[in-house]
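Since we're looking at a predicted model, the values are computed, not measured.
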Amino acid sequence: MASVKIVLRKKPNAEAMLPLCIQIVKDRKNSLIYLGQYISPKDWDKTKQVVKKSHPNHEALNIFLLKKITETNNRFLELETRKAHSTSKTIRNKLKSKDLSTFFSQSDFYLDNLKRAGKYNRYSSEKPRVNRFKEFLNGDDILFQDITVPLLNRFRAYLKGTREISERTIINHFVVIRSIFSQAIKDNIVEQKFYPFGKDKIRIKFPDSIKISLSIEEVKKMEDAKLEKGSSLDHARNLWLLSFYFAGMRISDLLRLKWSDIDNGRLTYTMGKNAKGGSLKIPEKASIILTFYKPKIKNKTGFVFSNLENVRNHFDLFEVQKKISNATKTIDEALQKLAFELDINKKLTMHIARHTFGNLSGDKIPIQMLQKLYRHTSILTTIGYQSNFINKEADEALDTVLNF
């Protein structure tokens with residue numbers, strides 16, 4: 001069993017004041033945690049381990065010391081409960097490290113990991129969801145075991161009552177909380193029995209969404225539009241068509257394309273989302289567009305498109321993703337202007353190019369080939385995605401009943 005107490009270390013600073021420390025003794029070995037507070041020896045009561053009334057700030061200092069000794073004892077008891085072998089030094093290191101036993105301290109760690117991994121899109125969308133949960137709790141932190149099913153149901157009601165929000169967005173909030181909770185379980189910070197998700201608890205189930213796509217006629221409108229060469233509308237149209245021609249290539253992959261990815265009439269690249277590589281024949285329509293971007297003088301970065309040329313460090317994945325996200329927003333705004341000019345009454349975005357390819361391919365392409373084109377890891381993902389666009393059997397069944 002270890003002992004924990006507050007001591008006055010006999011190593012004075014320049015003003016001849018002594019530092020207050022927490023002393024941990026286990027197996028006759030001791031370690032110290034310096035508290036950053038210094039007092040005169042005459043103001044310290046060694047027996048009671050308190051600052052004497054002779055010190056002008058004795059009340060505030062004693063409250064501070066009580067808080068620190070309580071925190072230390074709580075952390076120590078937590079370590080003892082886990083029955084992990086520990087020395088005075090390992091206990092000190094655990095106590096000095098950031099306390100991750102509460103949700104928001106763990107969420108800081110979780111978000112920092114996303115940032116380090118360069119996942120800008122997830123970081124920028126999940127951080128506000130964490131903040132809304134904190135807002136719901138009036139800014140207070142919370143222990144994991146206190147995040148219960150009733151609490152999460154109240155959080156659901158809070159989200160619905162304080163903002164216009166879809167069921168999918170509510171589920172996205174729960175997904176973040178679940179991810180942080182799962183991380184805490186993995187790190188042995190909280191026991192599995194307190195997990196509030198799963199059967200007979202909070203179920204994570206995304207509602208069905210309607211995937212909008214363009215018709216063949218609308219795609220032809222995009223192709224035939226007379227636009228000023230090099231304008232923002234022309235650039236947005238070109239990117240959208242290239243995405244469509246390359247089987248719904250994601251904008252993040254499109255903007256990262258380099259001329260070195262193009263060789264002998266083929267495009268070879270690795271998808272950023274799942275690191276799956278592959279090669280595609282460059283259709284003639286795509287080749288015509290790419291020719292327009294071919295530089296007369298070789299640029300330093302080698303990018304096909306200029307959207308990422310000003311990124312300071314191309315090895316900083318977070319900065320690159322941030323630049324892609326901002327560029328996508330600008331491109332989507334241009335596409336919506338173009339849709340208005342072409343009388344396309346749909347919210348035109350880059351992602352709709354992927355939906356459009358899926359819709360127009362329908363059941364014309366074998367599902368195994370679509371999996372390869374989409375670069376899906378699992379064919380079940382392809383089946384699920386493509387089911388949004390295959391309506392032939394349902395249409396024929398309806399006609400069977402109504403055609404009389």
If only atom types and distance count, is the side chain of [X] paired as donor or acceptor with the main-chain N or O of [Y] below 3.5 Å?
X      : Y      : answer
Ser182 : Arg178 : yes
Thr169 : Ile165 : no
Thr356 : Ile352 : yes
Asn62  : Val51  : yes
Arg237 : Ala225 : yes
Thr328 : Ile324 : yes
Gln49  : Ile6   : yes
His55  : Lys52  : no
Asn57  : Ala60  : no
Asn238 : Asp234 : yes

Between Lys134 and Phe104, is NZ or CZ placed under 6.0 angstrom from the six-membered ring centre and within 45° of the ring axis?
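Flagged: Lys134 positioned over aromatic ring of Phe104.
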For His355 and His351, take the angle between the two ring planes, folded into 0 to 90°, and tell me which bin it lands in: parallel under 30, tilted 30 to 60, perpendicular over 60.
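It falls in the perpendicular class, over 60°.
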Please verify the inter-ring angle class for Phe174 with Phe155; under 30° counts as parallel, over 60° as perpendicular, anything in between as tilted.
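It falls in the tilted class, 30° to 60°.
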Run the side chain to side chain contact (heavy atoms under 4.5 Å, CB included) check on Phe246 and Ile282 step by step: do they pass?
CA-CA 8 Å; Phe246 289 125; Ile282 299 177; 4.2 Å; yes
Suppose we call two aromatic rings close when their centres sit under 6.0 Å apart. Are [X] and [Y] close by that rule?
X      : Y      : result
Phe357 : Tyr245 : no
Phe103 : Phe133 : yes
Phe197 : Tyr195 : yes

For the residue pair [X] and [Y], what are the closest heavy atoms and their distance?
X      : Y      : answer
Ile180 : Ser107 : CD1-CB, 3.6 Å
Phe64  : Leu35  : CZ-O, 3.8 Å
Arg266 : Ser279 : NE-OG, 2.8 Å

Salt-bridge present (Arg256, Asp253; N to O < 4.0 Å)
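So Arg256 pairs with Asp253 through a salt bridge.
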I need the [X] [atom1] to [Y] [atom2] distance, nearest 0.5 Å.
X      : Y      : atom1 : atom2 : value
Thr148 : Asp146 : OG1   : CG    : 7.5 Å
Met222 : Leu348 : CE    : CG    : 5.0 Å
Lys347 : Ile212 : NZ    : CD1   : 8.5 Å

Applying side chain to side chain contact (heavy atoms under 4.5 Å, CB included) to Ser179 and Val175, what does each step give before you reach the verdict?
CA-CA 6 Å; Ser179 297; Val175 167; 4.2 Å; yes
Holding to side chain to side chain donor-acceptor pair (under 3.5 Å), I want the full list of residues that pass it with Arg129, two or more places apart in sequence or in another chain.
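Partners of Arg129 by the side chain to side chain donor-acceptor pair (under 3.5 Å) criterion come out as none, since no residue qualifies.
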Salt bridge (Lys or Arg N to Asp or Glu O under 4.0 Å), that's the test. Do Glu341 and Lys226 meet it? Break it down for me.
CA-CA 11 Å; Glu341 290 188 9; Lys226 303 297 181 185; over 6 Å; no
Exercise: do Glu319 and Tyr120 side chains pair donor with acceptor under 3.5 Å:
no
Stepwise side chain to side chain contact (heavy atoms under 4.5 Å, CB included) test for Glu167 and Phe206:
CA-CA 8 Å; Glu167 180 64 20; Phe206 287 100; over 6 Å; no
From CA spacing to verdict: side chain to side chain contact (heavy atoms under 4.5 Å, CB included), Leu214, Lys221:
CA-CA 10 Å; Leu214 298 192; Lys221 278 186 180 182; over 6 Å; no
